[in-house]
Amino acid sequence: MDVEAPSRPPAHLAGLSWTNRFAALGERFYTRLSADPLPDPHWVAASDDCARLLELPEDWMRRGEALQVFSGNALWSGMQTLASVYSGHQFGVWAGQLGDGRALWLGEVDTADGPQEIQLKGSGRTPYSRMGDGRAVLRSSIREFLCSEAMHHLGIPTTRALCITGSGLPVRREEIETAAVCTRVAPSFIRFGHFEHFAHTADDPDALRRLADFVIDEHYPACRDAPQPYAALLEAVTQRTAELMAQWQAVGFCHGVMNTDNMSILGLTIDYGPFGFLDAFDPGHICNHSDERGRYAYARQPNVAFWNLHALAQALLSLIGDTDAALAAVEPYKSVFPAALLAQLRAKLGLRDERDEDGELADALLQRMAADRVDYTIAFRRLGAFDTGIGARNDALRDLFIDRDAFDAWAERYAERLRAEAGNDAERAVRMNRANPKFILRNHLAEEAIQQARAGDFGEVQRLLKVLQRPYDEQPECSAYADFPPDWAQHIEVSCSS
Ligand code: AMP
Ligand code: MG
């Protein structure tokens, strides 16, 4: 498709330095192409915080030129647009070549926080689109935009989202919807699947090494000095992935499609599709309607990540040299993940000292919560206000449980544990409120913003973004966003690739 000739960069962008290091890897790794134009685009939403990361000035969104660039209709000079090729295991089965089927890499810019790649999602067909149309609908773009920014402000590693532009262009899904483009930002969009791809392509055996060297040099420089740099890379990715899983589990996030092509080599949350945050605590919760067998159920995520790391180990095997060394590099997952999760749970329970029985204390609470289907986020937030005084009933929390006797028994144990620590309830509450968010992107909140956006009112997307930018703050005027989900939330169905 034709794209406008590169326009003169606006004055403020003339200073942006486009480094485009991924593009320098060579054409083995991607296809150069431009976006399909998005007809008559309009702004849907923008993240001021992500704009600051890119050092885009506050009025950047008002520029018609920016609207065209982030819709895929124009380029700024310095951008080098391309779609990358990767492969992957989907639902445990080797799927062969996949690739950026609807994403377009615009380039990479230097920022004070390090280099950032900018990517359009939903910008039209690429050589990797297979049967897809290369588009994303407004609904899924709003979900990705809001959740990317929500996760960032929760302190969870993630790709970011700069903006969404929309259009009346019809897109066929189960019904006809309209197209949107979400602009994503990350230090790198490289996935486990990129490594799997080059491990499986026989015609250029050196490509895998070039990719691994690139990732080491640009993102894991400490591995260069290790005795076995490729094993060190695998171990570093293992470490970050384990820490990410602990954060997902602790906040009650379900990704929904943990295929190896949706696993970031930097340990970022990537590719928001049918994700969901737990409402009632249910370890077996399946957020992806298409995941009939629950492969990616909430409680399975940590094991799936470990499985995916083995797929990465397999892909790196020819570089690492022997199976034992590759297995040894992923082995630390077994200790790093539980330790990271326990640290998260201690923070959620407000425990400052470390005791052997802490894991058991947390598990006992989670079991009660699962038995009574207690709202995960509300329960932990209320736990922050726990009164350790003798005879205190902690009604706000207690009322969430059906089996009050069982709750009281646990609460007694918890109160004793807290009383044995130095500190007081008020100080602990402040600490716990930094670990237990009040505001998360519940499905029904996203759904309400989407319904209004589909009717042409984008105000709720922007309001919700603002609330989610301060998830740990009380924001009393926004408490409705922290309420229990309405009954209809149980019937929201989200599935892959919309
Ligand atoms: P996902 O599991 O949603 O991350 O997507 C898996 C693969 O399908 C990736 O290679 C995507 O680029 C591709 N894909 C998903 N949706 C579309 C679409 N509408 N058009 C083209 N490719 C798509
Ligand atoms: Mg994907």
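The residues of the chain are indexed from 1 along the displayed sequence. Both counts, for ligands and for their atoms, begin at 1 and track the order of listing. Scope of the values below: all heavy atoms of this structure, side chains included, with no hydrogens, waters or symmetry mates.
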* Asked: Are any of the N or O atoms of N259 closer than 3.5 Å to those of ligand 1?
  -> no
* Asked: Going by the atom numbers of ligand 1, which of them fall below 4.0 Å from some non-hydrogen atom of R135?
  -> 19 (N)
* Asked: How does K121 reach ligand 1, by side chain, by backbone, by both or by neither, if only non-hydrogen atoms under 4.0 Å count?
  -> neither
* Structure fact -> Logged contact type for Y86 with ligand 1, heavy-atom cut-off 4.0 Å, is side chain
* Contact flag N259/the Mg ion (ligand 2), N/O/S atoms, threshold under 2.8 Å -> no
* To do: Identify, by atom number and element, the atoms of ligand 1 in contact range of N262, meaning under 4.0 Å from any of its heavy atoms.
  => 2 (O), 4 (O)
* Apply the side-chain contact (heavy atoms from CB on, under 4.5 Å) test between R143 and each candidate in L441, V137, I450; give the one that qualifies. => I450
* Between Q301 and Q249, does any side-chain donor sit less than 3.5 Å from a side-chain acceptor? -> yes
* M263 side, atom CE; N308 side, atom CG - distance, nearest 0.5 Å -> 4.5 Å
* To do: Check whether any N or O atom of D261, backbone or side chain, sits under 3.5 Å from an N or O atom of ligand 1, and answer yes or no.
  => no
* Which ligand 1 atoms does Q90 reach within 4.0 Å, using its non-hydrogen atoms? -> 6 (C)
* **Interfacing atoms of ligand 1 (cut-off 4.0 Å, heavy-atom, R130)** => 7 (C), 8 (O), 13 (C)
* Run the numbers for me: atoms of ligand 1, each under 4.0 Å from some heavy atom of R173, listed by number. => 19 (N)
* Can you measure from CG (D206) to CG (L211) and round to the nearest 0.5 angstrom? => 11.0 Å
* Asked: Polar-atom distance check: D100 versus ligand 1, any N or O pair below 3.5 Å?
  -> no
* Asked: Is there a donor-acceptor contact under 3.5 Å linking the side chains of Y272 and N262?
  -> no
* Asked: With side chains defined as the heavy atoms from C-beta onward, is the minimum distance between E196 and T260 less than 4.5 Å?
  -> yes
* Just distances here: any N/O of L98 and N/O of ligand 1 closer than 3.5 Å? -> no
* **Considering only N, O or S atoms of D271, the one closest to the Mg ion (ligand 2)** => OD2
* Only one of H197, Q97, R191 passes side chain to side chain donor-acceptor pair (under 3.5 Å) with S87; say which it is. => H197
* Are there more than 12 heavy atoms of other residues, nucleotides or ligands under 6.0 Å from atom CG of D487? -> no
* **Numbered atoms and elements of ligand 1 in range of G134, under 4.0 angstrom, heavy atoms** => 18 (C), 19 (N), 20 (N), 21 (C)
* To do: May I ask you to check if ligand 1 and G99 share an N or O to N or O distance below 3.5 Å?
  => yes
* **Check: N73 and V69 side chains under 4.5 Å, non-hydrogen atoms** => no
* To do: Check whether any side-chain heavy atom of T269 sits under 4.5 Å from a side-chain heavy atom of F275, and report yes or no.
  => no
